Structure formats: structure tokens, C-alpha cells
Amino acid sequence: MRLIRWLAPLALGLMTVVAAAPAQAVDAVSVRGDAPAIDLTGILEYQHSDTDRIQVSTAPGTDGIVRRIEVRGREAGQNWVVFALANNTDDQLDRLIVAPHYRIVSSGLLWPDLGLSRIATITPSTGDRPERQDSATADIFRVTLDPGAVITFVAELRTNKLPQLYLWEPEAYKDKVNSFTLYQGIVIGISGLLALVLTILFVVKGSIMFPAAAALAWAVLVYIGVDFGFWGKVLDMSQGAERVWRASGEAILAATLLVFLFAYLNLSRWHVRYSHITLGWLTFLGSLVGLALFDPAVASGIARISLVLIAFAGFALIVYLSTHGFDRAVLLIPTWFLLVVWVVAAGMTVAGSVTNDIVGPALLGGLVLIVMLIGFTVMQHAFAGGGATNGIVSDVERRALALTGSGDLIWDWDVSADKVFTSPETEALLGLKRGTLEGPAASWLEVLHPLDQDRFRAALDSVLDQRRGRLVQDFRLRTPDGHFMWFALKARPVVGSDGEVSRVVGTLTDVTEIKNAEERMLHDSVHDNLTGLPNRKLFIDRLNAVANFSKTVPTMRPTIMVIDLDRFKQVNDSVGIAVGDSILLTLARRLTRILKPQDTLARLAGDQFGLILMSEQDAAKITAFAETIRKTIRAPIAFNDREIFLTASIGLALSDPAVPLTDELIKDAELAMYHSKRIGGDRIDVYKPAMRARKTDRLTLESELRRAIERQEITILYQPIVRLEDRSIAGFEALARWDHPKLGRMSPSEFIAIAEEIGLIIDLGMFVMDQTARQLAIWQRAMRSREPIFASVNVSSRQLLRHDLLHDIRTVLSRSSVARGTLKLELTESLVMENPEHAAQMLHRIRELGTGLSLDDFGTGHSSLSYLQRFPFDTLKIDQSFVRTTSRGTRPVILKSIIAMAHDLGMDVVAEGVETDSDAVEMYQLGCEYAQGFAFGEPMDADAAMRMLTEERLEAAS
């Protein structure tokens, strides 16, 4: 700081206007707010001074003036680089200037650059000196660029070469370092594990190839540890020592590779000359480690050349030996070929032909992969040669070994003595005392399940009678605590010299888990996973069983009820899906308690239940029972500190003795239920034939909805959103309507739920988004003289959960050139809280595509404020229940708190449901920017919206 205070007046005194030589001034690099990184390497201006001072011309400022400044070095350096940065944004930008100490890219083959600290200090033309950040692998300086500032930086170099200089956004650089750290940790972990395994293999197997392979693995571990900066974290290593380690690591790598090639190919067996060459080469490479202490660059250059020679000469030798019948050489060809490819790629990298930042770590990962392949080749030899024991084991012993290896239990019945023997593990599994299962075969009947006793007895008798065949049977054995375990018996009879069965020998296998899994699968296939009730398939099966039973007992006629909860989707949106599932489970238990054993309750769909009523036959009692069900559902359900009230629409279908029972009875009950729901819900209706003529059933509605988009029956209306400050139109909310050819215009509440259930919501949402974007582009082109219009589109949970949503948004934006952030996606509070972690990731990626995000119906869900801060919403829409003039009470306090919170989070606020001018005035006074409601216009088609915009523009012009 004392040096800065000393330099500041000196620099100000030396600055003069330079109008005559503009070419001497550096060009400023424009720094964008959305750019994570900028490569400054190509625009650096290198300068050399004879003293520790240098005078440079600054980049032209905003006033166009070029100034002259003098900078004094801190370390008496004479090498400098000059560059300039310009902040043309309206925000203050914090950036990191990063110069890595070492890059394998362009490091050179001879006298390579092994890395050093590059920058001693950086001096700006104006402002505070950049602050150096702690880093063992790079010189990092934090700079702050004020809005509109143009700053020239003079960097004092410690070397005459600067391999790379980047300007990073801090968070982006942190993410880059973290990603590389994870990759480096994985590579080092794999390399260390491989070195350890090969070392253990060397201890187990004494052949010379194993210590050679282990040494190579350890050499690779040391080398990548140096290159990744791992040893610098473990050991207190200076930068000079790191250069020595790097050069030594390359020399040791070349030496161990040569040793492995010599040991694996067993070259001493072929010609003594190979041994002399190898020994001399190893001595030379060993001397490089000593040379690295004095001149690391020279030692590294020689080691790199040696590595190239070893790779190519070794490959030629391997090919030569493989053509002369040496099997080991044949096995090594693929691995050594990959090594040659790796050496070529490394050569291109150090020569500068490949400059990507990823190539360095990728080369080290590839080196570990090559060593891993070498390890696999070595292990193939380590565990080969087991054929020496072939033929020693007899057939009986082989069968005994196979039985032991399989883990099965022995079951042996000596027929003549009538004594059963089984492995002690059988009794241990069952928790029985040793010897409990040994004795006569009849004693097994005491521990067998009652339903399995006859089958077991009959199977043994059959084997004895037929004197051949195979006994395969599953049965259950009882444990002391009363539960049963499943076993599978596989046995064959052994016939004696008299032609009679002398014994039955086989194996027992514990198959309890398999049987339990089969039972669970069978149960789950016909039962609902949430409530445990029968599903629709089992419900229909039981109805068919009742139909068969009613043929023998004509007076026994069932009543079918279909129970559908009213507005349960709103309950899910309000309290969340998890709580909604708990509510369904509670209702299922309530309804089960009022049923009798002969009745069947099933869950047919999400919030729809079915009932086969057999316990009541009288019409009056059936109606009374249905009323009991309705009251049971209406009873409040406690949830935390609130109570949830539900109602249901119940449809009844009474069976006719003159008409055969079929599953059409269920459809009749569903029609009655839909009739009840259409009238208003919370009622009971009995099916009448006239209902089928009046009501289009759900299947027909689903089929027609699938074709609605193709037939252009989906209409999009736009409701204005106005600025409360001047009552001008700021944007529109897109609302879908279905113009049904028979039922007329249907609101979203009548068909969106169906679209979600049948999977059509994806296509419908894409259609609405695309049409809205196209219309928005038309409005923006027509209204270029004003601030761009925005449009909001609602997104469902099915869409948000799909990763294809990003592709859909990108496609829509590419088709319609709308202003960035003007196409807004609206998501409800409960929707994003269903899976906040996934929602946060998706929303950030959606925001990066250039789409605005609006939080809809705020205040009706149960979001966490800690999560809300993580969601990148730019707009918050207050639910209309807080805005309407009824039940004011503490409403202004709540609204003011919501608006203040939204502004603190950097969001604009839209008030929904503004129906009067007084509401609009009040919302404006509370700080709300936008409003939407009937006070400013009902939903209208695109032409009407365009007319409204045109009229507003004409009024503004007049």
C-alpha cells in the first residue's frame, strides 16, 4: 500500500495527452458480464526495459485520450506485458487474472519450460492495485472494473515467457478448478490403487516382470502427482523444487518403461546385447535425475527424447519378436501401440499443435489407462498356467468341490434305514437344534407346512415306486418362532443291485427371498402401491367372480360405486404431492373401516375409488350407505396446524337381475359420477340410461383431446398485464381454451387434468409455448419504439421433470426472434417445491437460455424461503386471494411484506385478480409494479390484443 501511495502522484504527474502516436496505445478488451472467461494471451503486448522502470501508453479512455504512465518494478524485473480491459456494462465487475505456472501445451521438447511463478505484480493505470490470491499452481490477481472504466494493466514478469493469461469470472474459475480437482483425484486414486495392486502382485509372484510393472505404476503415480500439484499439497515444495521433481519424474518414467519392456520380453534370453544396451540406457537415465538438480530443463528435454525413442524402438522390437513366434510380444502389441499414439499426441501438445486446456489432464489420464492395460497383461501371466493341476482331481472330488462351491445344502435319505441326513446349515437357518431334522422321513412332516405335507409324502412315494426320475419340489419348513422358510429340493434316486431304491440324494436351497419376491410381485400387480387396496384389474376380476357367483344365487346382486374426490388437484398443488398421498391413504383406511368383509374397495385411478357393495341389497340401505361414505369423506383431516376438508362425487350403478353382470356396470357408475361432478360435486347420483345420451364419457373426451391440436381446436387467449405507474400494457399471460365442437369452449380446469393423465400435456404445452412466442415476436416487431412486450406461459410438472424441456425451449426461441427474457415461463409455488433440488438446476439452465421465470400463485403453497433464494425467478405473482378487496383485515401488511421480500430478492411483482381501480391504486401505493385482472381487460384473442396495443401507441403519440 505504501508503494501504491508513492506511485499514484508520480503516475498522475507523468500522465500527458498523447495525440500524435495512437498506434503506441494498447487496444482495450471489452469485458462482458455474461462471459465466464476471456483469453488474453493473444492480445498481450510484450515489452523489455533496461532498468526496473517502464513507460507505457494507456488505452484510450471513454474521453478518447491516450495517457502515458511510468511503472516501477517490485523485483527489478525487466520483462513486462501490457494489456487493457474495458467495462462497457452498467455493473461493477469482479474478475480474476490467472497465469498458470506450468502448461504442458507448448512447453517444448528440448529445454522445456517446466513452470515457475510468472507475474511478480500487476499495476493498473487507475484504481487500486490488483490483489494477489493464494494459489500453488497459478498467479491469480483479483481486479475490480467499475462501470464504463477503461484500465490499462502493466504486469511485471519473473520470466521472459508467459504461456497463458486468462480473465476469469470468479465463480466460473472456481467451478473449473473444482471440476479439474475431481478429475485429478479420480486419476490419482486409480493410479495409486493400480500401483498398490501391482506391488501386492509382485509380493505374491516373484517373476521379474511384476516388480518392473509395479515400478512403472509408481513412477506414473509420482509423475501425475507432480503435474497435478498433489505433492505440493502433501509436501512443502518450492517452485524450484517442483521443476526438479517434474524433470526427475519424466526421467524415472522413461527408465521404468525401459525396465518393464526388458523384463516383460525377457530380452536377456534372446541376446546378451539387449542386456548391455538396456543397462547402459538405464545408467544414462539415472544420471538425468542428478542432472535435474542442477539444470531441470536440460534433464527434462533429454528424458522426453528418451521416452520417444523407447516408445518407437520398443514398438519395432515388439513387432519383430511377435513375427518370430514370441507370444508375450503378441499380447503387448495393442498396449504398446496405444503408448505410441500417446507419445505422438504428447509430442504434438508440447510442440503447440494442440492447445486445448483439457489436453494436459487428458494425456495424464491416458497414461494411467495405458499402465492399467499393462497391469492387465501382467496379471494374465500371473494367473495363467493353472493347467498343471488338471486331471489330478477325481470325478467324485470334483462333484464334491462343485457342491461346496454352489453353497447348496446336502439332503440324503437312506431308504433302507429310513434316515434322513441334511447339512447342519439347514438346522442353523431354521434355528433348530442340531439333529432335529435327522431321523425318519416321516419326522419331516412335523416341521413341514400343513399344505405341503401331502405333496412331500406323495413325491417320495412316487420316486420309490418308479425307481427313476428326478425329484424337484418346493416346500416350507417351520422355525421355532412359528414362521416358515421356503426350500427347493432337487434329488435323484440311487438304485441298488437288487433293483430297489437304496437312497435318495440331492440338495436343498434356501429360496425364501425368491418366494417372498414372487409373492410381492403378485401382490403388487393387483394392488395399489400407496393404499394397498385392490387396483382396477383386481376390481374387475372380483366383479367377474361375483357375476359367476350370482348365477347360482340370483338374489345376490352387487351395487357398484365410483367415488371421485372433488378438486383434489388443487389440494395437491396447495400442500404437495407427499401430503396428498397421505390424505389418500387416510381416506382409504376410513372407508375400509365402514365396510364389511364381503365388500370390495379398490383404487381405480389417482383420486378415484371403486366399491363392490355386497353387504346391502335393499335400495334404501344402499343409498344410506352411500351417504355414510360421503359423510366419512367430508370429515376434516388434520394436517400440522390446519384442517383439510374434502368432498366427493359418488356414482351408483344398481345391477339388474335381468341383465348379465359385466364391467359395463363400472362405466355406468362412472357416468353417474361424472354427472354428479358436472353439477357441482359433493353429491350422490344413481345411473340412469339418459346419462349416457347426455354425457360424453371420459374415453371419448380423451380421444377428442388427442386430436384437438391437429384440428386447431385449441385457442390461445391473452390477458393484459399493465404497469401500474402509467397504466400501459407491459405484457400478456397466455391462456389455453378448447373450442369443443359439441361442448363449446372449455376452460383449462376441464381438460388440463385429462391432458396430464394421458401424457398429452407435453405436446399441449409445447404448442402453447410456440404459438405464444410467434405472437410475441409479431407484437415486438410492431412496437419497436417502446419497451419490448413480454408474454407468460404456464408450465406443468410433467414438463418441468423432462430434460427435453430445455431442447423444447431452445427450439421455440430459435423459431421466433423475441427479446431476451421477454418469453416468461410461469411455475406455481407448489410445483417447484415438489423437487426443489431438481427444480433449481432446471430453472438455472432455463434462465441461461434467455427465458424469463415467473413464480405464480405465490402465498398459496408452502415454499421455503431458503429455497426461494436459490430459484432464479425474475417475477413474482401474488395470488388473487391476497389482492381481492374482500376480507381486508391484515391484508395490506401481508401484501407489503410479500412485495418487500420480492424486491429484496431482485424480483418484479405482479398482482393477480385486480378487479377494481381502487385495488390497482392500493397495489401501486404498496410498491407493486404490475397488475393483471378484469380491471384492465379480460382474456382476448391475438387480434384484439394487437388492437389494444395499437390504440395505446396512438394515444401516447397524440
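Just so you know, these numbers come straight off a predicted model, no measurement behind them.
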If you measure only the distance, is there a donor-acceptor pair under 3.5 Å linking the side chains of [X] and [Y]?
{"X": "Thr875", "Y": "Asp908", "answer": "no"}
{"X": "Gln92", "Y": "Thr144", "answer": "no"}
{"X": "Arg32", "Y": "Thr89", "answer": "no"}
{"X": "Ser57", "Y": "Arg68", "answer": "yes"}
{"X": "Gln164", "Y": "Asp39", "answer": "no"}

Practice problem: In plain terms, say whether Lys824 and Asp874 are close enough for a salt bridge, that is, a side-chain N and a carboxylate O under 4.0 Å apart. | Solution: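 Salt bridge present between Lys824 and Asp874.
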
Self-check item: Ion pair Glu826/Lys877, N-O distance below 4.0 Å
Solution: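 Answer for the salt bridge query: yes.
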
Quiz prompt | Derivation of the side-chain contact (heavy atoms from CB on, under 4.5 Å) call for Ile721 and Phe790 | solution = CA-CA 9 Å; Ile721 301 175; Phe790 66 81; 3.9 Å; yes

Exercise. Begin from the C-alpha positions of Gln133 and Asp139 and carry the test side-chain hydrogen bond (donor to acceptor under 3.5 Å, both in side chains) through to its verdict.
Key: CA-CA 8 Å; Gln133 309 293 305; Asp139 296 321; over 6 Å; no

Exercise. Evaluate the criterion salt bridge (Lys or Arg N to Asp or Glu O under 4.0 Å) for residue pair Glu929 and Arg723; output intermediate values, then yes/no.
Key: CA-CA 6 Å; Glu929 291 91 350; Arg723 295 184 185 86; over 6 Å; no

Quiz item: Under 4.5 Å between any side-chain heavy atoms of Arg142 and Pro170, yes or no?
Solution: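 Yes. Closest side-chain heavy atoms under 4.5 Å.
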
Quiz item: Are the side chains of Glu70 and Ile54 in touch, meaning some heavy atoms are under 4.5 Å apart?
Solution: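 Sidechains of Ile54 and Glu70: no contact.
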
